[in-house]
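Everything on this sheet refers to the single structure shown next.
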There are 4 protein chains.
Amino acid sequence: MFAFRLDARSGVPTFLQLVSQVRQAILLGYLQPGDQLPTVRQVAAELTINPNTVAKAYRELEREGLAAARSGQGTFIQATTASSVDPATYARLRHALRRWVHDAHAAGLDHERVAAVMASVLDETAGREGVA
Amino acid sequence: MFAFRLDARSGVPTFLQLVSQVRQAILLGYLQPGDQLPTVRQVAAELTINPNTVAKAYRELEREGLAAARSGQGTFIQATTASSVDPATYARLRHALRRWVHDAHAAGLDHERVAAVMASVLDETAGREGVA
Amino acid sequence: MFAFRLDARSGVPTFLQLVSQVRQAILLGYLQPGDQLPTVRQVAAELTINPNTVAKAYRELEREGLAAARSGQGTFIQATTASSVDPATYARLRHALRRWVHDAHAAGLDHERVAAVMASVLDETAGREGVA
Amino acid sequence: MFAFRLDARSGVPTFLQLVSQVRQAILLGYLQPGDQLPTVRQVAAELTINPNTVAKAYRELEREGLAAARSGQGTFIQATTASSVDPATYARLRHALRRWVHDAHAAGLDHERVAAVMASVLDETAGREGVA
DNA sequence: GTGGTCTAGACCACC
DNA sequence: GTGGTCTAGACCACG
């Protein structure tokens, strides 16, 4: 269905990590309008976190208009948030980026350094923190 | 000397943002062993945050062995396992990645989507550190 | 549960006194893995110090891997390299040392001098940790 | 003459460490009335600390009546602070305590644990922190 | 003037 | 209710 992952050491609030992952999956077209998110209880059980925390994340997604809860059925991705980018384009870009990462590793950069370069290039092109 | 930037909306604790930026700058070779970080008071004034918050970030860097405070003098980058990656290599990789970002923008991806693709490709190659 | 005590006159930072006492209790087997430390607020109330000071001590213990905070539950002793010294042995040694202290008092040494002798003998056997 | 040692990691203010060591040496009879302390500059050079810090420690010793500065000559232990405990008694007690430490080591206690037992027994006999 | 400690009190994340 | 973050501001140790 959709798998969440958590990084407890990142210092990022748990519920925000969940929200980000859904938002990102929507942006990349992995989650389509109408797709169902795992239930609060499923997520809570899988990640061994408090259901309230999951509920809070879903509430935030609703607030942003990205998802909608249907009482008694679950939470679903909203129609208004389509990706508008061609999946083939994504595939091409991902492929190219994977090659770049491969290059970087070949040049001796470890995962951390690769992330650092990505973050710094991202920062150049916009005023915001990307890969923190 | 060294410029910090903050993203208040990211939900990432301020002191962690500071820590990440120094860590990243060290990884990329922007900060070398012996370099002085701006003083606690300078950073606090520049970002209009509380000196304690900056101090906390610096303490964390010290804990990680990346920096060392010299009372009355300032805080300095430690001689750690240096970068060991050729600056020219970094330049080449950054250049290539910038071209990729340019491509992605040309294909219609906004900044958020670019970040999302980067994060997801990064996640493929290791189990950690997404765009959170 | 576990009782802290403070010596305001010692010049040792409050949070360090707390840290030392927990560390020492672990070494002596008084605190076992899984034991809960009193909550930040309890300690702060009992010693009439600021909760932040207690939190700082607990964070330091966490940093050393001796304790772990569970948000919303409390702070607990970690399963570390346990004491591995027989309680009976401790009892025997404590008993013998108490006799020595008694002797010293009988010989006219006050508490300060007793502490001074202990500290200097300790210093002989290792280059660190005196009565500072 | 008299050798100071510092433990930078202890968190105890430098000048207090110096004061304690002199106080302790007087208590144990190592420093006798009339004995000269090393000059501020000597100590500062030897420990590579700021002369002001040493001066502050000596000022504190003067304030406590333990030492007195003679302008242009140096700082000397005051007559009023004699030990009143027989050196032979000290020797005997030290010897016994060394045997106890030896025993403890033989029983498997490392230096830290030995210190911990000493500290806890000390604490029993008085309301103050000895070996912190 | 530097970093470090402590207090006081607000607010947040999580159980 | 728990711990965590941040602010504000005082005071100390050190150079």
Side-chain angles (χ1 to χ4, degrees), chain A residues 6 8 11-19 44 47-57 60, chain B residues 6 8 11-18 36-45 47-62 67-76, chain C residues 6 8 11-19 36-44 47-62 67-76, chain D residues 6 8 11-19 44 47-57 60:
Chain A
L6 285 183
V12 181
T14 306
F15 86 94
L16 273 183
Q17 294 190 38
L18 302 181
V19 170
L47 304 177
T48 58
I49 58 177
N50 193 293
N52 291 339
T53 305
V54 184
K56 180 166 186 181
E60 172 66 14
Chain B
L6 286 183
V12 180
T14 308
F15 85 93
L16 275 182
Q17 294 189 38
L18 302 182
Q36 181 173 4
L37 290 172
T39 69
V40 167
R41 287 161 167 85
Q42 278 173 353
V43 176
L47 302 178
T48 56
I49 59 178
N50 192 288
N52 288 340
T53 304
V54 183
K56 181 172 188 179
Y58 281 13
R59 227 178 302 128
E60 171 66 15
L61 288 168
E62 199 159 1
R70 299 182 204 151
S71 220
Q73 300 185 56
T75 304
F76 298 80
Chain C
L6 285 183
V12 181
T14 307
F15 83 94
L16 275 182
Q17 295 188 39
L18 303 181
V19 169
Q36 181 173 5
L37 291 173
T39 69
V40 167
R41 287 160 168 85
Q42 277 173 353
V43 177
L47 303 177
T48 56
I49 59 177
N50 191 288
N52 288 339
T53 303
V54 184
K56 183 173 185 177
Y58 281 14
R59 225 178 305 128
E60 172 66 14
L61 288 168
E62 199 159 2
R70 300 182 204 150
S71 217
Q73 299 184 58
T75 304
F76 299 80
Chain D
L6 285 183
V12 181
T14 307
F15 85 96
L16 273 183
Q17 295 190 38
L18 303 181
V19 170
L47 303 177
T48 58
I49 59 178
N50 193 295
N52 291 338
T53 304
V54 184
K56 180 166 188 180
E60 172 65 14

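Chain naming here is simple, since letters A, B, ... match the order of the sequence lines and numbering starts at 1 in each.
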Seminar exercise, completed: Reading nucleotides 3-9 of chain E from 5' to 3' and marking B where a protein heavy atom lies under 4.0 Å of the base, S where only the sugar-phosphate is that close, and - otherwise, the string is BSBBBBB
For this session: Kindly write out the residues that satisfy side-chain contact (heavy atoms from CB on, under 4.5 Å) with C:Leu16, not counting sequence neighbours, or none if the list is empty.
Result: C:Val12, C:Pro13
Exercise. Taking only residues two or more places apart in sequence, or in another chain, which ones meet C:Arg70 in a side-chain contact (heavy atoms from CB on, under 4.5 Å)?
Worked result: C:Gln73, C:Phe76
Problem set entry | Listed partners of C:Glu62 passing side-chain contact (heavy atoms from CB on, under 4.5 Å), at least two apart | C:Ala69
Exercise. Could you write out DNA chain F as a dot-bracket string, with dots for unpaired bases, | for bases paired across to another strand, and Watson-Crick or G-U pairs counted at under 3.5 Å?
Worked result: ||||||||||||||.
Problem set entry | For D:Asn52, all residues meeting side-chain contact (heavy atoms from CB on, under 4.5 Å), sequence neighbours excluded | D:Asn50
For this session: Over all heavy atoms of both residues, which pair between C:Ala67 and C:Thr75 is shortest? Give the atoms and the distance, please.
Result: CB-CG2, 4.0 Å
For this session: Might you point out which heavy atoms bring A:Ala57 and A:Val19 nearest each other, and give the distance in Å?
Result: O-CG2, 3.6 Å
Seminar exercise, completed: Which of B:Thr39, B:Val40, B:Leu18, B:Thr53 passes side-chain contact (heavy atoms from CB on, under 4.5 Å) with B:Tyr58? Answer is B:Val40
